[in-house]
Structure formats: C-alpha cells, structure tokens
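Remarks on the structure that follows.
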Amino acid sequence: MKVSVCIVVLSLLTLGVWAEDGHQLWLRVKTGVPVNVSCSKKSGTLDIARQELLQGWQGEAGATVKLTIRADKAIAGDGFKLTAGGVQANTDRGILYGVYELLRRQQTGRKVNEEVLNPSYALRLLNHWDNLNGTIERGYAGHSIFWRNGADSLAVTEKDVALWKAYARANASIGINGSVLNNVNASPLILTAGYLQRVKTIADVLRPYGIKTYLSIKFSSPVLLGGVKTADPLDPDVVKWWKAKTEEIYRMIPDFGGFLVKANSEGQPGPQDYGRSHADGANMLADALRPFGGIVMWRAFVYSASDEDRAKQAYQEFMPLDGSFRENVIVQVKNGPIDFQPREPFSPLFGAMKKSSVMPELQITQEYLGQSIHLVFLAPMWEEFLQSDTYQEGPGSTVARCTDGERIPGKHTAIAGVANIGLDPNWCGHHFSQANWYAFGRLAWNNQLTSAQIADEWIQLTFGQLPSEAAQTGNLSPKWTENFLQPVKQMMLASREAAVNYMMPLGLHHLFAANEHYGPGPWWAPQRVRKDWTPPYYHKADTLGIGFDRTRGGSDAVSQYHEPLGTQFNDVNSCPEIYLLWFHHLSWDYRMKSGRTLWEELCYHYDAGLQQVRQFQKTWDSVQPYVDQERFFHVQSRLRSQCLNAQEWKDACLLYFQQFSRMPIPFDIERPVHDLEDLIRKDLQRF
Ligand code: BDP
C-alpha cells in the first residue's frame, strides 16, 4: 500500500502536478470550509473581503462571520477588531485587513481572541523604481509589471489587469496601502496624457484593495513638458503649471495619493538649481496637492561631491529646514546615513527632526545584499533599525517610536519600501525574497513584530501546504515543525548576519565592485569616478590600519547623534563592534574584545560568513522531502551561486587587505582559493 502511494506521488511530481512556480506567494488557495458571511453594507472592498472568507475559511464549518462597520474609539485608521463573531472596523479597508488577519491566524494555527489591531504607520507604501520602458532600476526579478516598451506600451491587456489584481491582493493581505508606480529617477513623461491614462487604469484596479496610487515626479517637468522657462519653485508660472497638472491628475484619479520626489540628488534637478531650498520645492508641490488631500514625500537622500563625509550630508542639509515644511510634506529618509548597506547605524535624522513628519525608506530589493541570488532575510536588519535607540527623549526613543507618532507626533506617519517585484513568475526572482516583501508589509503594520514571528508566519503560509502531508497532518505536525519549519527559520534568521560577515563585517561598508553592487571590489577606484562612489573612500585601508574615522577627532559624524549615543560611538571602547570600522580607523593589531587582533577578527568574520552559507546548503538539502521539487531545485541552485560568491567576497577582501596588514591569515581557517589578480580581472565582467 505504502509503495503504491509513493509511486503515485512520484509520478504526479514528475508530471508536474505539484509543480510550484511560487506565483501564489503566501496566499495559497486552500479548499475553504463552508462559511456564511454577513455584512450590512456593499462595496468593492467588502466584496473582496467576503470572497476571501469563502475561499479560505479554515474555522468551524457552517459558521457565520459578521463584518461590522461601526466606529469604535479603540480602532484607529485602518485598524480593526477581531471579535468572537467576526471583524469590526471603522472603514471597509479595516474590514479587509481584519479578514486577512483572521485567515492568516487560522492558516498558521494561531488563536483568534477578541483583540484590536491598529497599524503602526498610517501610510504603508511600496516604491517601485520602475522605468517607463519596462526596465527596473535595481530590479532583479524581470521587467516591470506596470510599464513596458514598444508600440503597444500603453495598451492595457487582460493579463495586465489580472497581474495588477494579484499584486494588489498580495499587498492588501499584508496591509500595504500605497504604491508609487515609477522610479524616483523619474521620466517627465509620466505626467503626459497617455501615461496618466494608464496610471488611472492601474489606480482603478488597486483601489478596491485599499491601495492608493502615487507618482514620482521630475522637478524640471514644467520646463521639459510645459514649455515654462524655469522650474524655480517660487516662479508664478511654475506654481501655475504644477497646480494645473495636479488638478488634471485629480480629475482622473480623485483619491490620488501624491508625489514622491528625488531632487538635487545624484544629478536630478531640484530647487537648489535656482538658489531655493528643499523646503521651497516641497512646499510648492504641497500647496498644489493640499486642496485634494495629497501629500509630498520629499527624499533626504542627498550628498554632493564635496570633501565633507558623505554620511553627514543629509543631516546637514535637512536639519536647518526642520519646521519649515508644510503639514502635507513628509521627509523620506533611508534607514542608514549612506545607502542601504548590509549594515549601517541608523540615520541621525531619525529622532532629530521634531517639527516635521519623517518617514523611513527601506530597500526590499536586495541591491547591496546579493540581489536575487543570495538568500538574505531582511527582517532582522529592519528590526535592528526600528529598535535602535535614538535617545531623542532619553532611553526608549527607538526609531520605531520616533516615526510612528508615539514620541514625535507628526502630522503623518508613514514608511516606504523599495519593491523587489517584477514579471518573474515568482515575482521576486528568489523564492526567499518573497519573504522580504512579506516582512516589509508586516513590519509596516506592526513595527514591534520580531523577525522570528514574521519568518514563522511566512514559512507556514508559503511552504505549509504539502501535497504529501497536509491532508493528514496539517502544517503544524510535530514532524513538519521539527524537520522543516525550525531549520528553515534558523537559516532565514541567520542569513543577514552571514551576508554581513562574508561581505563587510565590523562596520565596513560599500566595498562593492563598480556600480553593479553585487560582487567585491575593495580595490575599485577608477580616476574618472567620484571618490565617494569608490570603496577606498569608505575603508581607508593602508599599512597603518583600516576604517573611517568619524569620531570627534575625525569627520565628527558621531556628534549628529543624541547623547549618550554620540559619546558611545566616539569612544572606541564603548562603540559596538558591529559599527567599529564605521566610526573608527584602527591599527591592524588593535586588540578586540575577543583578545584577537583586528586583522584576525576580520579573517574570522569573513570565514564564518562563508561557513554559514555552506551550512544553509546543508540545511536546504535536508528539507528536500518537505518541498515541491521546483522550488527546491531553484533555491538549491541559488545557494550554490551564493556560496561561490561568498567565497569570492572572503578571498577578495582578505587578500586585498592583507597587502596592507602584512599579517598571516589565521591557520585554523580555510585558505583562500582564488588569486587576487584573477578576482580583480573578473570583477569588470562579473555579470
Ligand atoms: C542608490 C541606487 C540608485 C538609486 C539611489 C536612490 O544605487 O540606483 O537611484 O540609490 O535611492 O542606492 O535614489
């Protein structure tokens, strides 16, 4: 009997019956148990909520679920209350989120108690860096789901609409309520009639799922599109042009969210081109949007080619403007002071700007974390960031508390994540990169969730429905938990630290080759390239030592942090070792807390990172019986590439830095297997 069952299972697998391309994400269709849904109101959003319940209900058969829209003081914004009989909320959107939470709890075997759940941030947005020709800046999962090149670029097909719906549903299921549809390096064409028509169509598809549409704009659009002589934000013709353009957008999309702006940053035009400030630029757009309830998200990602430490520049430019932004402007700040590195301390702008709304920008797409080749779960990085203490009002003023309205009651609370979504069947390139999309949404909803909780949920929802086991044992059988859930969770939770170890441990940063931002290139410094785009600017290795001196005796970036943090970072003895070379330039024989020299410690970190990836390979192979073969082999092959790349990182960095340290690689770790010259030669042809 057992043998024949096995044969059937095997032949079904070979036939691809259970082939899994990952397109369903964490929303696997369950055969729902019969349920009745009662709701006194009708709307597109409520229809979706009802449909989800009918399709996915895992509770008592024949139960009646009541969806109640009734104001309750405990429920805020998009929040909801789970009750014994169903879901209560102030809005249709709240009901939808409540239904997804209810189903998630059922599917992961968690209790449904009477409980109010309110979101940490009112605005929870994805930023798509999608270009209008269909390519995606820093996208590693195929072309854009919104834009494409060619003669039919503006035609809307049924396939487009189906994909946008699936996208909207996935976002709604994790509470995301806004999408910026185009790259921050924006083409002015997005504001022309044809593109706006397509934006309207997309907005119509996303709306019932509670998602508002936003656009990135190019600051010089009035000149490039409108024939206006200038883009000076104080010029009356410019003000008029933006007002008219905004009105045109709202005639088409009455609930349009607003604009995201990258100005005077990396060559983009902005108000400073006309001697005006960031506030002048942001306020002009904010005034155009205000009558319609729209907002401006103005990015603080700015740095000029000056001699000033790049890590200090955003703070220097924006702090003096605190208090001069309109109430519908939010300053959007990347989590770290440089640029989405594997590890950075938090940007000192968090907890500093007290009279302006400030929102974090995280990067879901793994530009600097192995792209869609490396398995790196980003929740631990975001948790570390959100729980960092800014000391804005003494201890406990975490970044989370300083941005979610609890410590600094700004007018708006918001958070954005740069999306990792493309046309690949599995949306994100790597099956495990889906977990980062999921984690972003969950943390945007609740910034106190732990990475372990999120990983647990995601694994259960994404891999829990096993053809061979689910019918008899369910997701949470002890065997499945012990042999699949636990090891995979451990792997995910360790993966970010592993990447830090094999790429840039102990506070090193920006050691990437060229501007692909994938492989190692600590040597990379062509004459023609700006210094602050090259690794030697950041590691400053020489025969005396390594690291960027940002202490009071150096660039003094430490003084941008509140006390006692500034002093803690400044003092080499109290600076956390994870940030050591971010803040200090130290000799190769500096004694670490472990008793080893700095050089030895670096060697051990690089080696540990590589060994961790080897362990991930073993872990993944051990769970093969619990995964469909398509996803199994896909992830297995990516882990092989990750391992090869981790080896390159280790060898490249150690062999390169060894030229300066002139010390041996400790004899108890694995020897390098590459030659430095080969790696340097290869770096330009890496992709
Ligand atoms: C950097 C990316 C670049 C983006 C820029 C930004 O390399 O492609 O345009 O950030 O955030 O990380 O504007």
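Numbers for residues simply follow the sequence, beginning at 1. Remember, it's 1-based here, ligands and their atoms both numbered in the order they're listed. Heavy atoms only: backbone and side chains are in, while hydrogens, waters and symmetry mates are out.
Geometrically, Arg310 engages Tyr303 in a cation-pi contact defined by less than 6.0 Å to the ring centre and at most 45° from the axis. The cationic group of Lys531 does not satisfy the cation-pi geometry with Tyr537, failing either the under 6.0 Å distance to the six-membered ring centre or the 45° limit from the ring axis.
Using cut-offs of 30° and 60° for the angle between ring planes, the Phe318 and Phe325 rings count as parallel. Taking the six-membered ring for Trp and thresholds of 30 and 60 degrees, His517 and Tyr368 have nearly parallel ring planes, at less than 30 degrees apart.
Shown in contact with Trp129 at under 4.0 Å from a heavy atom are these atoms of ligand 1, numbered in order with element: 4 (C), 6 (C), 10 (O), 11 (O). Distances below 4.0 Å separate heavy atoms of Tyr368 from the following atoms of ligand 1: 7 (O), 12 (O). Each of the atoms 5 (C), 6 (C), 10 (O), 11 (O), 13 (O) of ligand 1 lies under 4.0 Å from some heavy atom of Phe301. Proximity to Arg138 (heavy-atom distance under 4.0 Å) selects the following atoms of ligand 1: 2 (C), 3 (C), 7 (O), 8 (O).
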Pair Tyr561-Phe569, ring-ring contact (aromatic ring centres under 6.0 Å, His included): steps then yes or no:
CA-CA 9 Å; Tyr561 291 93; Phe569 287 154; 5.2 Å; yes
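Considering each of Ile338, Asn515, Asp339, the one bringing a non-hydrogen atom nearest atom 12 (O) of ligand 1 is Asp339. Scanning His517, Lys334, Glu367 for the heavy atom closest to atom 10 (O) of ligand 1 points to Lys334.
Checked for salt-bridge contact, Arg290 and Glu327 miss the test: no charged N lies under 4.0 Å from a carboxylate O. The pair Lys354-Asp322 does not meet the salt-bridge criterion, since no charged nitrogen lies less than 4.0 angstrom from a carboxylate oxygen.
Protein heavy atom at the shortest distance from atom 13 (O) of ligand 1 is Lys262 NZ, 2.6 Å. Atom 4 (C) of ligand 1 has Glu137 OE2, 3.6 Å as its closest protein atom, hydrogens excluded (heavy atom only).
Checking only distances, Ser265 never comes within under 3.5 Å of ligand 1, N or O to N or O.
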